[in-house]
Enquirer: 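There's a structure below that I have some questions on.
Below, all heavy atoms of this structure are taken into account, side chains as well, without hydrogens, waters or symmetry copies. The sequence lines fix the lettering, A, B, ..., with proteins before strands; numbering per chain opens at 1.
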Amino acid sequence: MASLQSLRGMVDLLPEHTPLWQQLESTAREHFRRAAIREIRTPLLEATELFARGIGEATDVVGKEMYTFIDRGERSCTLRPEGTASVVRAAIQHGLLAQGPQRLWYGGPMFRYERPQAGRQRQFHQIGVELLGVADATSDAEAIAVAWDLLADLGVGGLQLEINSLGSADDRLRYRAELVSWLEAHHDQLDADSQKCISTNPLRVLDSKNADTQALLAGAPTLAAALCGDSHERFSQVRQALEALGIPFVLNPRLVRGLDYYGHTAFEITSSQLGAQATVCGGGRYDGLVEQLGGPATAAVGWAIGLERLVLLLSQAQGAIAAAAAPDLYVISRGAAAERLALGLCRQGRQAGLVVERDASGAAFAKQFKRADKSGAVWAAVAGEEEAAEAVVVLKHLRDPQRQDRRLPIGAAVQELLGRE
RNA sequence: GCGGGCGUCGCCAAGUGGUUAAGGCAGUGGCUUGUGGCGCCACCAUUCGGGGGUUCAAGUCCCCUCGCUCGCCCCA
């Protein structure tokens with residue numbers, strides 16, 4: 001088409017799709033409300049430095065996926081590629097952390113310049129939870145439980161929770177050195193992508209999708225073995241808490257995160273019903289981030305759910321969700337005076353709480369009745385020249401041919417329908 | 001950034017080089033000058049994402065380009 005199109009990776013959600021999104025969002029809101037987690041809304045646009053410092057300069061997200069530009073004030077700005085950094089920035093900026101632990105959730109569009117594929121767009125939507133100022137292992141489990149219960153309640157099938165411990169910063173530093181020397185010793189047996197990772201982000205080699213590399217890694221030093229006693233103990237407490245909650249999980253010693261701020265607990269919830277992009281929810285602990293962004297030392301744990309993938313799952317699981325409700329009343333009119341009368345009826349009906357649709361086509365009555373029928377409305381109100389002259393409308397039941405039509409002034413017609421609903 | 005698949009009406013979709021590009025859905029008008037759901041009739045792509053080329057002849061073959069899509073990387 002030569003006509004204008006949306007930008008690559010930027011999709012329109014048409015009216016037939018928005019009900020599912022609305023249902024999903026309202027279910028999430030209800031879960032957060034019950035968990036005493038409050039909403040925070042931050043700007044879509046932030047200083048580039050926030051993400052560079054928060055997520056990590058060396059990550060792919062910051063290195064090659066951000067929508068960054070210089071604004072008219074010569075500032076480098078970036079459309080948020082994720083939500084955590086903004087939430088932490090806002091918490092620091094407004095001194096929320098001085099008021100005790102913060103239980104926050106956020107939602108909305110995020111932007112990453114990637115090649116679109118199933119379940120991945122350039123403008124995509126996340127909903128996420130951040131628990132700031134909580135250091136105990138049970139909070140990790142609580143955060144996971146909120147995500148797990150939400151997904152289960154939405155009816156997402158084939159869920160699996162995978163967890164791992166990335167250990168403390170010291171643990172990772174030590175392990176990283178061990179791993180790098182091992183990887184270098186086996187350099188020639190690795191796939192090309194993994195070879196490139198050795199110098200930039202060696203831990204990522206662990207979850208390579210290359211089968212040969214995975215087989216080779218069986219002999220590599222493990223992250224678990226590199227954890228210090230405290231880290232081990234902490235991870236064990238998280239697992240015990242999950243067991244106590246009855247939330248099933250599998251240990252995945254190869255699970256690592258792509259954002260630099262994570263440490264200790266890392267987890268992903270995947271669905272077997274998705275294709276290559278199987279992760280619906282990802283998160284973990286990030287005890288160093290608040291301080292790194294200039295705030296007080298604050299322990300924290302959080303996660304994000306990708307809504308596009310969720311919608312993909314839900315739309316194939318339950319088929320198309322019920323479309324918007326049919327109107328209570330469909331108003332048919334013809335002729336200038338009748339159209340004015342019909343307009344007034346619509347307004348009164350709506351003010352009274354009815355869902356009212358008006359046919360503004362001025363087409364033949366037969367046509368308008370066809371559309372009234374198709375709209376799914378139970379009642380139709382008809383106004384033509386005769387009715388307009390008497391200031392009444394004809395109320396007609398569209399689903400029961402036995403019912404008599406009634407001629408009523410518009411106020412009485414609205415009352416009549418309210419009584420019957 | 002790198003691979004594979006695909007691109008014919010708003011949607012689905014025939015069409016395997018030969019004169020006027022099936023059909024279905026949706027839409028519009030009518031049969032029915034003010035009463036629907038069924039039925040019937042008519043209308044609805046001078047054009048096959050765009051641009052070049054090959055050929056007497058191209059939606060059908062070739063090249064380029066754009067777009068969509070799936071996967072890699074990475075991530076939710």
Enquirer: Which value, in whole Å, describes the distance between the P atoms of nucleotides B:C41 and B:U46?
Expert: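 Those two atoms are separated by 25 Å.
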Enquirer: Per the side-chain hydrogen bond (donor to acceptor under 3.5 Å, both in side chains) rule, what does the pair list look like for residues 50-59 of chain A, sequence neighbours excluded?
Expert: A:Glu49-A:Arg53
Enquirer: What pairs with A:Phe69 under ring pair (Phe, Tyr, Trp, His ring centres under 6.0 Å), at least two apart in sequence or on another chain?
Expert: none
Enquirer: Can you tell me how the ring of A:Tyr286 sits relative to the ring of A:Tyr262, calling it parallel under 30°, perpendicular over 60° and tilted otherwise?
Expert: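 Rings of A:Tyr286 and A:Tyr262: perpendicular, as their planes differ by over 60°.
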Enquirer: NA contact type, A:Leu259, heavy-atom cut-off 4.0 Å: base, sugar-phosphate, or nothing?
Expert: sugar-phosphate
Enquirer: Rounded to whole angstrom units, what separation is found between the CG atom of A:Leu255 and the P atom of B:A76?
Expert: 10 Å
Enquirer: Quickly work out the A:Arg112 CZ to B:G1 C1' distance and round it to whole Å.
Expert: 17 Å
Enquirer: Just jot down the salt bridge (charged side-chain N to carboxylate O under 4.0 Å, His left out) partners of A:Glu268, sequence neighbours excluded, or say none.
Expert: A:Arg257
Enquirer: Any strand is fair game: report the nucleotide pairing with B:G17 by Watson-Crick or G-U wobble, both distances under 3.5 Å, or none.
Expert: none
Enquirer: Considering every strand shown, what is the Watson-Crick or G-U wobble mate of B:U60 when both distances are under 3.5 Å?
Expert: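 With both distances under 3.5 Å required, B:U60 matches none.
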Enquirer: Roughly, in whole Å, what's the span from CG in A:Leu159 to C1' in B:A76?
Expert: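 Value for this atom pair: 14 Å.
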Enquirer: For A:Gln126 and B:A76, is the shortest distance between a side-chain N/O and OP1 or OP2 below 4.0 Å?
Expert: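 Answer is no, no contact under 4.0 Å.
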Enquirer: Both distances below 3.5 Å, Watson-Crick or wobble geometry, any strand: find the nucleotide opposite B:G1.
Expert: B:C72
Enquirer: Rounded to whole angstroms, how far apart are CD on A:Gln214 and P on B:C72?
Expert: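 Interatomic distance, CD of A:Gln214 to P of B:C72: 14 Å.
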Enquirer: Return the value, rounded to whole Å, for the distance between atom CD of A:Glu65 and atom C1' of B:C73.
Expert: 9 Å
Enquirer: For B:G29, which nucleotide is its Watson-Crick or G-U wobble mate, given both distances must be under 3.5 Å?
Expert: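 Base-paired to B:C41.
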Enquirer: Which residues pass the side-chain hydrogen bond (donor to acceptor under 3.5 Å, both in side chains) test with A:Ser165, not counting sequence neighbours?
Expert: none
Enquirer: Suppose you measure atom P in B:G49 against the same atom in B:A58; what distance do you get, rounded to whole Å?
Expert: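 Their P atoms lie roughly 15 Å apart.
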Enquirer: Could you give the CG-to-C1' distance, from A:Leu313 to B:A76, as a whole number of Å?
Expert: 12 Å
Enquirer: Hey, is the side chain of A:Arg120 pairing donor to acceptor with the base of B:C74 inside 3.5 Å?
Expert: yes
Enquirer: Does A:Asp400 have any salt bridge (charged side-chain N to carboxylate O under 4.0 Å, His left out) partners at least two apart in sequence or in another chain, and if so, which?
Expert: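 If we apply the salt bridge (charged side-chain N to carboxylate O under 4.0 Å, His left out) test to A:Asp400, skipping adjacent residues, the hits are A:Arg403.
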Enquirer: Between A:Gln5 and B:G67, does any side-chain N or O lie under 4.0 Å from OP1 or OP2?
Expert: no
Enquirer: Distance between the C1' atoms of B:G4 and B:A21, in whole angstroms?
Expert: 30 Å
Enquirer: Distance check, C1' atoms only: B:U16 and B:C31, in whole angstrom units.
Expert: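 After rounding to an integer number of Å, I get 43 Å for this pair.
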Enquirer: When the P atoms of B:G71 and B:C63 are compared, how many Å lie between them, rounded to an integer?
Expert: 27 Å
Enquirer: Mind checking the P distance from B:U60 to B:C48? Whole angstroms is fine.
Expert: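 To the nearest whole Å, 9 Å.
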Enquirer: My understanding is that only one of A:Gln126, A:Arg122, A:Arg120 makes a side chain to side chain contact (heavy atoms under 4.5 Å, CB included) with A:Phe124; could you say which?
Expert: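 Going through A:Gln126, A:Arg122, A:Arg120 one by one, the side chain to side chain contact (heavy atoms under 4.5 Å, CB included) with A:Phe124 is satisfied by A:Gln126 alone.
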Enquirer: Distance check, C1' atoms only: B:A13 and B:G24, in whole angstrom units.
Expert: 8 Å
Enquirer: Expressed as a whole number of Å, how far does the P atom of B:G59 sit from that of B:G18?
Expert: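 It comes out at 10 Å once rounded to the nearest Å.
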Enquirer: Decide, yes or no, whether a salt bridge links A:Glu30 with A:Arg34 under the criterion of side-chain N to carboxylate O below 4.0 Å.
Expert: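 A:Arg34 and A:Glu30: salt-bridged.
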Enquirer: Mind calculating the distance between CG (A:Leu150) and P (B:A76) to the nearest angstrom?
Expert: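 From A:Leu150 CG to B:A76 P: 17 Å.
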Enquirer: Apply side-chain hydrogen bond (donor to acceptor under 3.5 Å, both in side chains) to A:Glu291 and list each qualifying residue two or more places apart in sequence or on a separate chain.
Expert: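 Residues passing side-chain hydrogen bond (donor to acceptor under 3.5 Å, both in side chains) with A:Glu291: none at all.
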Enquirer: For A:Gln292, give me all partners under side-chain contact (heavy atoms from CB on, under 4.5 Å), at least two apart in sequence or on another chain.
Expert: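 A:Gln292: no side-chain contact (heavy atoms from CB on, under 4.5 Å) contacts found.
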Enquirer: Of A:Ala278 and A:Ser6, whose closest RNA chain B nucleotide lies nearer the 5' terminus?
Expert: A:Ser6
Enquirer: Where the side chain of A:Arg8 is defined as all heavy atoms beyond and including C-beta, which of B:U69, B:A76, B:C74 is the nearest nucleotide?
Expert: B:U69
Enquirer: Summarise protein proximity over nucleotides 29-44 of chain B in one line of letters, 5' to 3': B for base, S for sugar-phosphate only, - for none, counting protein heavy atoms closer than 4.0 Å.
Expert: S----BBBB-------
Enquirer: Nearest whole angstrom, please: distance from the C1' of B:G1 to the CG of A:Asp60.
Expert: 11 Å
Enquirer: Counting only Watson-Crick pairs (N1-N3 plus N6-O4 or O6-N4) and G-U wobbles (N1-O2, O6-N3), all under 3.5 Å, who is the partner of B:G67?
Expert: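 Checking every strand shown, B:G67 finds its partner in B:C6, with both distances under 3.5 Å.
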Enquirer: If you assign A:Ala118 and A:Ser208 each to the RNA chain B nucleotide with the nearest heavy atom, which residue ends up on the more 5' nucleotide?
Expert: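 Closest to the 5' end, via its nearest nucleotide, is A:Ala118.
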Enquirer: Pairs under 3.5 angstrom, nitrogen or oxygen only, protein versus nucleotides 4-7 of chain B, please.
Expert:
none

Enquirer: Taking all non-hydrogen atoms of both residues into account, name the closest pair between A:Cys281 and A:Leu151 and its distance.
Expert: CB-CD1, 4.3 Å
Enquirer: Students often get this wrong, so: under 4.0 angstrom with heavy atoms, is A:Gly119 touching a base, only sugar-phosphate, or nothing?
Expert: base
Enquirer: Hydrogens and angles aside, do A:Glu357 and A:Ser375 bring a side-chain donor and acceptor to less than 3.5 Å of each other?
Expert: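 On atom types as modelled, these side chains do not qualify, holding no pair under 3.5 Å.
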